Student: 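Quick one: the structure is below, and I'll ask about it shortly.
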Amino acid sequence: MNRTEKQELVADLHNLFTEKTSVVVAHYKGLTVSDVQALRAKVREAGAGYKVTKNRLTRLALADTKFEGLADLFTGPTAIAYSDDAVAAAKVLNDFAKTNDKLVILGGSMGDGKVLDVEGVKALASLPSLDELRGKIVGMIQTPATRIAGVTQAPAGQLARVFGAYADKGEAA
């Protein structure tokens with residue numbers, strides 16, 4: 001990799017760190033190519049990204065970004081998972097690490113300057129994703145609307161039954 005390629009890589013990583021909401025750092029030593037491909041597929045499905053990084057260049061790219069505190073985690077064979085959703089990257093890496101002990105989560109950050117340790121990333125992964133929260137909110141909004149519609153229709157239905165009973169009674173008499 002020549003000097004201009006390195007500068008472009010640092011610039012690309014810097015832009016990534018300024019745009020994304022969360023970043024999770026992990027060691028991937030010992031993962032097979034098929035394991036990494038499976039992990040990348042799961043990360044893509046979640047709407048996140050996964051990148052194997054060069055530590056020195058990544059530390060340069062972290063400078064003056066909201067993830068600057070992660071610089072100490074970049075030792076050894078590291079990779080990052082990043083996403084716009086605060087939970088997606090943590091959730092995918094945490095789920096994958098449960099089934100494959102060669103992926104070791106080192107930490108992460110949600111861009112507030114606070115570095116999360118392994119337990120912090122696991123706690124973040126246990127939170128519902130943005131899509132799950134949206135689904136719950138829509139469900140909560142629809143339930144009262146359905147109840148209101150039922151309540152407003154009930155008196156009209158009762159009146160119709162009462163008039164129907166009077167009509168039947170009038171015909172019988």
Side-chain angles (χ1 to χ4, degrees), residues 1 3-141:
M1 192 179 255
R3 183 181 206 99
T4 56
E5 289 173 329
K6 288 178 183 178
Q7 288 172 339
E8 289 174 11
L9 179 62
V10 169
D12 289 343
L13 283 172
H14 185 79
N15 288 337
L16 184 135
F17 290 133
T18 56
E19 293 172 0
K20 298 302 175 185
T21 304
S22 69
V23 174
V24 178
V25 182
H27 277 173
Y28 63 92
K29 185 177 183 179
L31 287 177
T32 64
V33 172
S34 61
D35 289 340
V36 173
Q37 288 175 340
L39 176 58
R40 286 180 192 271
K42 289 180 182 180
V43 168
R44 268 192 304 272
E45 285 175 19
Y50 177 84
K51 186 178 285 237
V52 173
T53 61
K54 290 188 169 282
N55 295 333
R56 191 176 62 77
L57 298 178
T58 305
R59 280 192 223 108
L60 290 172
L62 284 168
D64 300 326
T65 67
K66 55 190 170 187
F67 299 109
E68 195 169 15
L70 295 174
D72 294 339
L73 299 177
F74 288 91
T75 58
T78 55
I80 57 171
Y82 48 88
S83 66
D84 291 324
D85 180 358
V87 179
K91 190 176 287 268
V92 172
L93 283 189
N94 188 51
D95 290 346
F96 192 83
K98 286 179 185 175
T99 60
N100 194 326
D101 60 346
K102 292 184 173 122
L103 181 72
V104 179
I105 297 173
L106 300 175
S109 179
M110 290 181 18
D112 56 0
K114 182 180 176 190
V115 176
L116 301 172
D117 61 356
V118 177
E119 294 304 315
V121 172
K122 287 180 181 180
L124 182 62
S126 68
L127 295 174
S129 70
L130 190 58
D131 289 337
E132 291 169 346
L133 286 175
R134 286 178 181 151
K136 287 180 181 181
I137 290 172
V138 168
M140 289 170 49
I141 291 171

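Just so it is clear, the structure is predicted and the values come from calculations on it, not from any experiment. If you read the sequence from its start, that first residue is 1, and numbering goes on from there.
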Student: Do the side chain of K20 and the main chain of A48 share a donor and acceptor less than 3.5 angstrom apart?
Tutor: no
Student: Would you tell me whether T18 and T65 have side-chain atoms, one donor and one acceptor, within less than 3.5 Å of each other?
Tutor: no
Student: For the CG atom of L57 and the NE2 atom of H14, what is their distance to the nearest 0.5 Å?
Tutor: 14.0 Å
Student: Closest approach of G47 and S83, non-hydrogen atoms and distance?
Tutor: O-CB, 4.4 Å
Student: Is a side-chain N or O of H27 found less than 3.5 angstrom from the main chain of K102, in a donor-acceptor match?
Tutor: no
Student: Could you tell me the separation between the CE atom of M110 and the CZ atom of F67, rounded to the nearest 0.5 Å?
Tutor: 9.5 Å
Student: Roughly how far, to the nearest 0.5 Å, is the CG atom of L39 from the CZ atom of R44?
Tutor: 10.0 Å
Student: Could you tell me whether the side chain of T21 and the main chain of D84 form a donor-acceptor pair under 3.5 Å?
Tutor: yes
Student: Check whether any side-chain heavy atom of E19 lies under 4.5 Å from a side-chain heavy atom of Y82, and answer yes or no.
Tutor: no
Student: Do L124 and L127 have side chains that approach each other closer than 4.5 Å (heavy atoms only, starting at C-beta)?
Tutor: yes
Student: What's the verdict on side chain to side chain contact (heavy atoms under 4.5 Å, CB included) for L62 and L60, showing C-alpha distance, side-chain angles and the deciding distance?
Tutor: CA-CA 5 Å; L62 284 168; L60 290 172; over 6 Å; no
Student: Considering only heavy atoms from C-beta outward, does the side chain of F17 approach that of I80 to under 4.5 Å?
Tutor: yes
Student: Hey, mind stepping through T58 and T78 against side chain to side chain contact (heavy atoms under 4.5 Å, CB included) and telling me if it holds?
Tutor: CA-CA 10 Å; T58 305; T78 55; 5.9 Å; no
Student: Considering all heavy atoms of both residues, which atom of A46 and which atom of A88 are nearest to each other, and what is their separation?
Tutor: O-CB, 3.8 Å
Student: Quick check: closest heavy atoms across A61 and L13, and the distance to 0.1 Å?
Tutor: CB-CB, 3.4 Å
Student: State, to 0.1 Å, how close F74 and T53 come at their nearest heavy-atom pair, and which atoms those are.
Tutor: CE2-OG1, 3.7 Å
Student: Show, in sequence, the C-alpha distance, side-chain angles and deciding distance for F96 and L31, and conclude whether the side chain to side chain contact (heavy atoms under 4.5 Å, CB included) test is met.
Tutor: CA-CA 11 Å; F96 192 83; L31 287 177; 4.2 Å; yes
Student: Measuring only between side-chain heavy atoms, which start at C-beta, is K122 closer than 4.5 Å to L116?
Tutor: no
Student: Within a strict 4.5 Å, meaning less than it, do heavy atoms of the Y50 and V36 side chains meet?
Tutor: yes
Student: Is a side-chain N or O of K29 found less than 3.5 angstrom from the main chain of V104, in a donor-acceptor match?
Tutor: no
Student: Does some side-chain heavy atom of D12 sit less than 4.5 Å from a side-chain heavy atom of L16?
Tutor: no
Student: Which heavy atom of L93 sits nearest to which heavy atom of A26, and what is that distance?
Tutor: CD1-CB, 4.3 Å
Student: Working note: N94 + I105, criterion side chain to side chain contact (heavy atoms under 4.5 Å, CB included); need CA distance, chi angles, decisive distance, verdict.
Tutor: CA-CA 8 Å; N94 188 51; I105 297 173; 4.3 Å; yes
Student: Counting only heavy atoms from other residues, nucleotides and ligands, does the tally under 6.0 Å from NZ of K66 exceed 12?
Tutor: yes
